[in-house]
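Written below as structure tokens is the structure these notes are about.
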Amino acid sequence: MSSPRYSPREIEPKWQGRWEESGIYRAQEDPSKEKFYCLEMFPYPSGDLHMGHMRNYAIGDAYARFLRMKGYNVLYPMGYDAFGLPAENAAITRKVNPAKWTRQSIERMISVQKRMGLSYDWQRTLATCEPEYYHWNQWIFLKFMEKGLAYRRAAPVNWCPSCGTVLANEQVENGGCWRCSSQVEKKDLEQWFLKITEYADELLNDLDTLENWPERVKVMQRNWIGRSEGAEIEFPVVGSDTVIPTFTTRPDTVFGITYMVMAAEHPMLPQLVAGTENEEGVLDFARRVLKKSAIERADDTRDKEGIDTGRRFINPVNGQEFPILVADYVVMGYGTGAVMGVPAHDQRDFEFARKYGLPVTVVIQDETGKLTGDTMDCAYVGDGPMVNSGPFDGRRNREAMADFVSYLEANNWGRGAVSYRLRDWLISRQRYWGTPIPIVYCDVCGTVPVPEEDLPVILPHDVQFTGEGNPLETSPTFVHTSCPKCSGPARRETDTMDTFIDSSYYYFRYTDPAYEKGPFDPEKGAYWMPVDQYIGGIEHAILHLLYARFFTKGLRDLGLTEVDEPFTRLLTQGMVIKNGAKMSKSMGNVVPADEMMERYGADTARLFILFASPPEKELDWSDQGVEGSFRFLNRVFRLVMESRELLEEADAEEDKDDDRVRSLRHSVNRTVKKVTEDIEKRFQFNTAISAIMELVNDFQRFKADGGLEIPGGRSVAGEAVRAIILLLSPFGPHLAEELWEATGQPYSVARQPWPDYDPELATTRTVEIVVQVNGKVRARFDASPESSREELEDAALQIPRIREYLEESELVKLVVVPGKLVSLVVR
RNA sequence: GGGGGAGUGGCGGAACUGGUAGACGCACGGGACUUAAAAUCCCGGGCCCGUAAGGGCGUGAGGGUUCGACUCCCUCCUUCCCCA
């Protein structure tokens with residue numbers, strides 16, 4: 001007689017089919033139930049699903065299943081971030097249509113996701129490359145435009161010569177393209193921007209309300225927004241009516257200015273030196289500087305280089321004249337591109353001044369009171385009384401700061417100002433595979449938005465992929481159109497939108513993916529939003545999460561929603577690493593998800609990836625140990641199948657006096673408590689799973705020890721079987737369904753209430769008390785958890801080994817921690 | 001250079017509020033079953049000394065606080081991420 005074998009190959013498709021037929025994972029608005037919106041960051045459909053994806057979905061699905069069993073009305077959708085470069089590159093190199101390529105990739109992703117047994121509401125699936133979706137990109141863009149949140153201007157942009165496109169500041173990494181690492185160049189183009197800076201303060205302040213976001217993500221966003229308070233001061237150029245504006249965070253040091261440096265790319269520079277004898281040399285220097293990368297220029301350890309323009313400016317506070325220089329360590333784009341040089345109180349300025357023999361004027365004294373510009377060997381950046389500062393002499397610099405700003409304002413030399421590192425979001429892309437920007441250029445009417453009723457502006461198919469320039473410009477049907485205002489001949493905008501726009505509001509769209517009158521039905525949005533739990537890679541800590549927060553605030557101000565923040569809780573899953581690098585196609589270190597499922601089944605793969613490491617931690621991939629997860633599921637299968645009739649006997653009459661029965665009942669209750677808390681409070685799936693393993697071990701031992709023959713043994717065994725199946729169901733849903741059915745329970749295990757525990761039974765009846773002598777464990781004994789200090793002390797002092805210590809030396813101190821230990825100090 | 005993590009057996013990791021370091025699993029060693037193997041089950045295990053009882057050492061390094069430190073404080077090292 002052979003017993004049935006655990007066969008994921010048969011079990012898994014069976015239940016996947018059953019789930020699909022019965023539609024048990026569909027989400028429906030139900031105001032009588034508490035909702036929970038659980039969401040994973042949607043993937044780019046490259047076609048291959050690797051371990052990074054698998055980890056993401058295993059976490060989200062386990063959590064969503066847990067919440068359903070906990071009684072929440074759960075929304076758990078999936079979609080595809082389908083616009084982007086890979087599809088377009090495939091079109092260029094392999095001559096395939098990007099739409100077709102993308103749709104095929106999506107199909108492949110879906111089939112693997114279904115094979116994983118993920119409990120998505122598949123009816124809500126969306127793909128951002130479909131007109132029904134990007135329609136709303138365009139609609140939101142137009143609404144933002146009406147509000148002044150979208151605008152067009154010529155701007156020096158980051159240009160990647162290799163990708164042939166403009167990049168947002170956020171997409172420039174170490175001076176190179178985020179995608180191909182080519183050196184980024186500066187180029188002037190007419191571009192569309194979204195005014196994210198309008199929300200800079202709110203984006204910054206609301207971070208404080210996000211209590212359930214990882215601190216490090218908030219820190220990164222704070223730094224990215226980079227708010228600094230200070231003053232903007234205008235310096236008149238000698239012999240001209242130009243003024244150069246500068247921003248400083250240290251207005252208290254303005255009396256210590258001895259020079260000014262401008263960035264090599266400062267737009268005023270050519271005009272400033274025009275016609276002077278230094279013109280040639282300065283512009284030459286500037287060109288040389290611009291060839292260096294941003295990191296090189298900002299490197300503090302490197303020697304700074306500069307050149308005198310020959311022009312001078314007046315420091316308005318004391319009327320003195322100082323030189324204007326150009327230097328490599330000042331970068332345009334932060335502040336105003338011109339920096340006042342205060343060498344006495346800024347280390348970079350100090351080094352620069354010493355190198356070029358510029359004067360150093362102390363305006364804040366240290367505690368010695370003896371600082372002088374000629375003798376100091378590094379800048380003094382601390383606080384102290386102000387000196388050489390006219391009316392401010394003698395005041396503490398920090399306290400005088402605000403008055404100093406008022407002083408500047410009163411004399412019309414400058415004003416208090418706040419500066420942000422955050423720039424407006426450049427969204428124009430000279431690319432085909434993206435959302436067309438709904439704008440028409442008419443010689444007569446100028447820039448004309450496409451009327452709302454003409455949306456969506458459909459991305460045309462009659463384009464040429466040559467690998468050069470924007471393919472959209474090759475579409476005859478697209479480019480030439482008529483002006484919506486005057487009906488005269490007009491040209492369409494051929495730039496498309498940054499794909500980060502697609503992912504900035506997709507979570508709203510899931511609440512109502514087929515809605516035709518707007519991005520989503522505000523009522524449905526109001527029911528489901530905000531996302532209660534968002535799960536995704538730490539690599540999106542800045543870009544995507546900041547843009548999504550901005551969009552939410554923008555949509556709120558359009559009256560579409562009342563939520564201020566889209567994601568209440570955020571879990572940043574650690575990256576899956578292989579051979580020292582993030583798993584990615586370009587690195588060639590991808591481990592496909594279906595490979596492991598082929599060998600062991602979806603349940604094993606899911607269980608293993610969750611068991612291998614806590615979710616937030618980076619996971620260096622190795623399949624060492626998968627066997628263990630597979631063996632565990634086999635053991636569960638065997639154990640339950642052998643005793644499948646037991647579940648029916650759960651909760652029968654119990655015999656409280658047998659130790660083995662009591663111990664297993666304790667184990668069941670303790671495990672339910674631990675698994676529940678590990679999932680709910682700590683997101684520690686790895687320890688939740690290990691707790692289930694312990695329960696299975698206990699149950700197995702119980703059976704081996706003849707526990708089923710004891711009065712009450714079958715009842716508690718039934719409780720154990722039930723707990724094992726239910727606790728396992730979020731991690732190995734197919735096996736759990738199979739076992740639930742085999743034990744005679746009605747479909748579906750996914751609809752069962754999550755098991756409860758008895759807090760009294762979850763705690764032990766005896767605890768082991770440790771006896772320490774001078775900090776070292778010298779004995780142990782068992783006691784009731786309720787034992788008093790005196791009882792424990794007495795018991796400890798009775799132990800012969802401990803008495804020996806006391807005979808030899810004198811007891812100096814005795815500490816008793818009830819339920820834990822007795823600690824003796826002897827001398 | 002600034003900001004934020006992380007460092008625990010051969011490996012992944014556990015230790016929740018300062019209270020038994022190493023749960024659970026992998027790999028390994030021994031045994032049972034088997035003609036044999038696989039599978040399964042049982043036993044073992046941080047390191048060092050010791051036949052053992054036992055003792056010493058031990059959470060990146062060094063110091064500190066404490067009856068007691070993986071946990072708190074200081075200094076340092078290594079490493080990863082973000083920003084320059």
Side-chain angles (χ1 to χ4, degrees), chain A residues 2-3 5-6 169-170 172-175 214-226 293-302 329 331 333-334 347-348 421 537-543 572 574-575 577 580-582 607-614 616-632 634-635 638-639 671 673-674 677-678 681-682 684 686-697 700-701 703-704 767-781 801 811-827:
Chain A
S2 67
S3 49
R5 270 176 52 90
Y6 170 50
N169 282 345
E170 289 84 342
V172 179
E173 292 170 354
N174 292 341
E215 201 51 44
R216 64 168 168 158
V217 173
K218 291 194 273 185
V219 168
M220 279 191 237
Q221 293 217 349
R222 259 180 220 122
N223 292 342
W224 188 262
I225 295 167
S293 70
I295 0 160
E296 209 181 323
R297 288 170 65 186
D299 185 355
D300 276 352
T301 58
R302 200 188 39 85
Y329 74 93
V331 193
Y334 185 59
Q347 186 59 27
R348 285 206 306 190
R421 221 186 64 94
I538 183 69
E539 66 272 22
H540 294 110
I542 299 175
L543 301 188
T572 48
M575 289 199 265
I577 305 287
K582 188 191 169 191
L607 188 80
F608 174 65
I609 202 161
L610 293 179
F611 180 60
S613 158
E616 303 231 44
K617 228 185 129 166
E618 211 168 70
L619 175 62
D620 201 345
W621 179 254
S622 146
D623 52 15
Q624 274 208 348
V626 198
E627 287 290 342
S629 296
F630 185 61
R631 273 203 289 263
F632 170 68
N634 269 287
R635 203 144 60 90
R638 226 178 308 115
L639 267 171
T671 305
K673 177 176 197 286
K674 168 119 179 96
E677 289 177 356
D678 278 353
K681 296 187 186 162
R682 291 187 276 276
Q684 276 194 191
N686 55 333
T687 51
I689 292 166
S690 71
I692 302 171
M693 288 174 168
E694 285 180 82
L695 174 59
V696 171
N697 290 345
Q700 182 162 350
R701 204 162 301 126
K703 278 181 72 180
V767 285
E768 195 178 41
I769 303 292
V770 171
V771 186
Q772 293 183 344
V773 179
N774 291 345
K776 288 196 195 307
V777 179
R778 296 298 180 187
R780 301 147 194 271
F781 64 93
R801 272 201 70 198
L811 182 65
V812 183
K813 187 167 182 177
L814 194 140
V815 180
V816 181
V817 182
K820 299 266 186 202
L821 54 69
V822 177
S823 179
L824 297 94
V825 187
V826 299
R827 200 164 37 208

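Values below: every heavy atom of this structure, side chains too, minus hydrogens, waters and symmetry copies. Treat the numbers as computed from the prediction; the structure is a model and nothing was measured. Per chain, numbering begins at 1; letters A, B, ... match sequence-line order.
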Approximate separation, where rounding is to 0.5 Å, of [X] [atom1] and [Y] [atom2]:
| X | Y | atom1 | atom2 | answer |
| --- | --- | --- | --- | --- |
| Asp678(A) | Asn686(A) | CG | CG | 8.0 Å |
| Glu616(A) | Ile538(A) | CD | CD1 | 8.0 Å |
| Ile692(A) | Leu695(A) | CD1 | CG | 8.0 Å |
| Arg682(A) | Thr687(A) | CZ | OG1 | 7.0 Å |
| Ile542(A) | Asn223(A) | CD1 | CG | 8.0 Å |

Using only side-chain N and O atoms of [X], determine if any of them is under 4.0 Å from OP1 or OP2 of [N].
| X | N | result |
| --- | --- | --- |
| Lys820(A) | G19(B) | no |
| Lys218(A) | G3(B) | no |
| Arg778(A) | G55(B) | yes |

To the nearest Å, give me how far apart [atom1] ([X]) and [atom2] ([N]) are.
| X | N | atom1 | atom2 | result |
| --- | --- | --- | --- | --- |
| Trp224(A) | G4(B) | CH2 | P | 18 Å |
| Arg348(A) | G1(B) | CZ | P | 14 Å |
| Arg682(A) | C16(B) | CZ | P | 9 Å |
| Asn774(A) | G56(B) | CG | P | 11 Å |
| Ile577(A) | C11(B) | CD1 | P | 19 Å |
| Arg216(A) | C83(B) | CZ | C1' | 14 Å |
| Gln700(A) | C41(B) | CD | C1' | 8 Å |
| Glu215(A) | G5(B) | CD | P | 8 Å |

Scan every strand shown for a Watson-Crick or G-U wobble partner of [N], both distances under 3.5 Å, and answer none if you come up empty.
| N | answer |
| --- | --- |
| G58(B) | none |
| G1(B) | C83(B) |
| U40(B) | A32(B) |
| A6(B) | U78(B) |

For [N] versus [M], give the span between their [atom1] atoms, rounded off to a whole number of Å.
| N | M | atom1 | value |
| --- | --- | --- | --- |
| C47(B) | A38(B) | C1' | 35 Å |
| U59(B) | G10(B) | P | 13 Å |
| A27(B) | G44(B) | C1' | 14 Å |
| G25(B) | U34(B) | C1' | 28 Å |
| G29(B) | A21(B) | C1' | 24 Å |
| G13(B) | G18(B) | P | 24 Å |
| U71(B) | G9(B) | P | 15 Å |
| A15(B) | U8(B) | P | 15 Å |

Would you mind classifying the nucleic acid contact of [X] as base, sugar-phosphate or nothing, using non-hydrogen atoms under 4.0 angstrom?
| X | value |
| --- | --- |
| Gln684(A) | sugar-phosphate |
| Val815(A) | base |
| Val817(A) | base |
| Lys681(A) | nothing |
| Glu618(A) | sugar-phosphate |

Among G19(B), U20(B), G55(B), which nucleotide has an atom closest to any side-chain atom of Arg801(A)? G55(B)

Per Lys674(A) side chain, nearest of listed nucleotides G12(B), C16(B), G56(B): C16(B)

Anything under 30° is parallel, anything over 60° is perpendicular, the rest tilted; go ahead and classify Phe630(A) against Tyr6(A). tilted

Report, one pair per line, the protein and nucleotides 21-28 of chain B atoms (nitrogen or oxygen only) whose separation is under 3.5 Å.
{"from": "A23(B)", "atom 1": "O2'", "to": "Glu694(A)", "atom 2": "OE1", "distance (Å)": "3.3"}
{"from": "G25(B)", "atom 1": "OP1", "to": "Asn697(A)", "atom 2": "ND2", "distance (Å)": "3.2"}
{"from": "C26(B)", "atom 1": "OP1", "to": "Arg631(A)", "atom 2": "NE", "distance (Å)": "3.2"}
{"from": "C26(B)", "atom 1": "OP1", "to": "Arg631(A)", "atom 2": "NH2", "distance (Å)": "2.7"}
{"from": "A27(B)", "atom 1": "OP2", "to": "Arg631(A)", "atom 2": "NH2", "distance (Å)": "3.0"}

Between Ser613(A) and Glu677(A), which has a closest nucleotide on RNA chain B that is more 5'? Ser613(A)

Count the heavy atoms belonging to other residues, nucleotides or ligands that lie under 6.0 Å from NZ of Lys703(A), then report whether that count exceeds 12. yes

Determine whether more than 12 heavy atoms belonging to other residues, nucleotides or ligands lie under 6.0 Å from atom NZ of Lys674(A). yes

To check you understand the geometry: which heavy-atom pair defines the closest contact between Ala541(A) and Met220(A), and what is its length? CB-SD, 3.9 Å

Pick one for G63(B): is it syn, with its angle within 90° of 0, or anti? anti

Before accepting this row, confirm whether a basic side-chain N of the pair Arg222(A)/Glu215(A) lies closer than 4.0 Å to the acidic partner's carboxylate O. yes

